[in-house]
2 protein chains.
Amino acid sequence: MNIGQASKASGVSAKMIRYYDEIGLVQPSARTDSNYREYGERELNELRFIRRARSLGFSMAEITQLLSLWRDRERPSREVKAIAERHLAGLDARITEMQAMAETLRHLSRCCAGDDRPDCPILADLTAGSLPSEPKTPSRRRSA
Amino acid sequence: MNIGQASKASGVSAKMIRYYDEIGLVQPSARTDSNYREYGERELNELRFIRRARSLGFSMAEITQLLSLWRDRERPSREVKAIAERHLAGLDARITEMQAMAETLRHLSRCCAGDDRPDCPILADLTAGSLPSEPKTPSRRRSA
DNA sequence: ATGGACCTTCCCATCATGGGAGGGTCAAGC
DNA sequence: GCTTGACCCTCCCATGATGGGAAGGTCCAT
């Protein structure tokens, strides 16, 4: 199977398949005389594995580990689970963070008239710009 | 105020302040004879504005628009609101997507013993790898 | 006048992905 | 056989926001 066929069959772009080859993640089982990459069922399954793992948000670094566990028939499921849980924790953290952003935006948006007038609580909020730590006297800077 | 002071006062790294200068987003009000960037209150507020907007997840492209509205005393709040709502919609979409990932992972993780044995529903799921759309006859090409 | 803290510019790296140029290969139809 | 179009190859560049670091100039306090 050449790269185009592997791409169609795995749902991974040819560009990415070449990239995985380059970084040594999934190498073609062979090359033809004319230097075309050739992939077999095994590589195909690995490409599908990667695609599925990417769709769950795993980074390439994590996938590298997962794939090597996948290849190892002796792996302890503990290790797989640890990777998954670490990733899940990161995911949850990012979700929480984004939810906070979304809530703030929803609030500001609700407060904004959204008409022709220039007064805008959204811009007002951005202007307030509380510093990370120190509160600091609220800068009553010249109207500018 | 030089770049270090502006950095401290705004919470934006000096590196980023130089970058904003380079892309023309916030330029120093002047340069000293020795070519040091000089920032005034106005620029300081713009930097704080950016920092706050970044913390709400706006992209630099969005911030460019927001900043130009912020500078325009005649802006219609409608435009600000539109940007905010578009961004909010994108955030919500990403949150939903990540929640789906997290739910899947939580489920898989719950099903995984996480012990010394190699059997692992997480790897099993990744192996299943359903194709994006077309089922397609399972390509029985030469077994390779 | 010396040292250290600061500033400058320029280059490189990230991470996963795509775009495109320039050139070789293969298979089908004539 | 030869042409044509669809494929493949490698190599380079770009993304977005950020940081790291080198090489060299500046400022200030001792």
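Chain naming here is simple, since letters A, B, ... match the order of the sequence lines and numbering starts at 1 in each.
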Nearest to the side chain of [X], which nucleotide is it out of [options]?
X: B:Arg31; options: C:dT8, D:dG19, D:dC9; result: C:dT8
X: A:Met16; options: C:dG18, D:dT18, D:dC9; result: C:dG18
X: A:Arg18; options: D:dC8, C:dT8, C:dA16; result: D:dC8
X: B:Lys15; options: C:dC10, D:dC11, D:dT18; result: C:dC10

Just how far, in rounded Å, is [atom2] of [N] from [atom1] of [X]?
X: B:Glu22; N: D:dT18; atom1: CD; atom2: C1'; value: 13 Å
X: B:Asp21; N: D:dA17; atom1: CG; atom2: C1'; value: 16 Å
X: A:Arg51; N: C:dA16; atom1: CZ; atom2: C1'; value: 16 Å
X: A:Asp33; N: C:dC26; atom1: CG; atom2: C1'; value: 13 Å
X: A:Leu25; N: C:dA16; atom1: CG; atom2: P; value: 10 Å
X: B:Glu38; N: C:dT8; atom1: CD; atom2: C1'; value: 14 Å
X: B:Tyr39; N: C:dC7; atom1: OH; atom2: P; value: 11 Å
X: B:Asn35; N: D:dT26; atom1: CG; atom2: P; value: 9 Å

Contact class for [X] (heavy atom, under 4.0 Å): base, sugar-phosphate, or nothing?
X: B:Met60; answer: sugar-phosphate
X: B:Ser59; answer: sugar-phosphate
X: B:Phe58; answer: nothing
X: A:Ser13; answer: sugar-phosphate

Look at the side chain of A:Tyr19 and the base of C:dG18, then say whether one donor and one acceptor between them are separated by less than 3.5 Å. no
Do B:Arg31 and B:Glu38 have side-chain heavy atoms sitting under 4.5 Å apart? no
Taking only side-chain nitrogens and oxygens of [X], does any of them come within less than 4.0 Å of OP1 or OP2 of [N]?
X: B:Asn2; N: C:dC7; value: yes
X: B:Tyr20; N: D:dT18; value: yes
X: B:Arg37; N: C:dT9; value: yes

Starting at the 5' end of DNA chain D and moving along, which residue's nearest nucleotide shows up first, B:Tyr36 or B:Ala61? B:Ala61
Identify whether the distance between the nearest side-chain nitrogen and carboxylate oxygen of [X] and [Y] falls below 4.0 Å.
X: A:Arg42; Y: A:Glu46; result: yes
X: A:Glu103; Y: A:Arg106; result: yes
X: A:Lys81; Y: B:Asp115; result: no

Return the minimal non-hydrogen interatomic distance between A:Leu47 and A:Ala6, and the atom names on each side. CD1-CB, 4.4 Å
Return yes when atom CZ of A:Arg71 has more than 12 non-hydrogen atoms of other residues, nucleotides or ligands closer than 6.0 Å, and no otherwise. yes
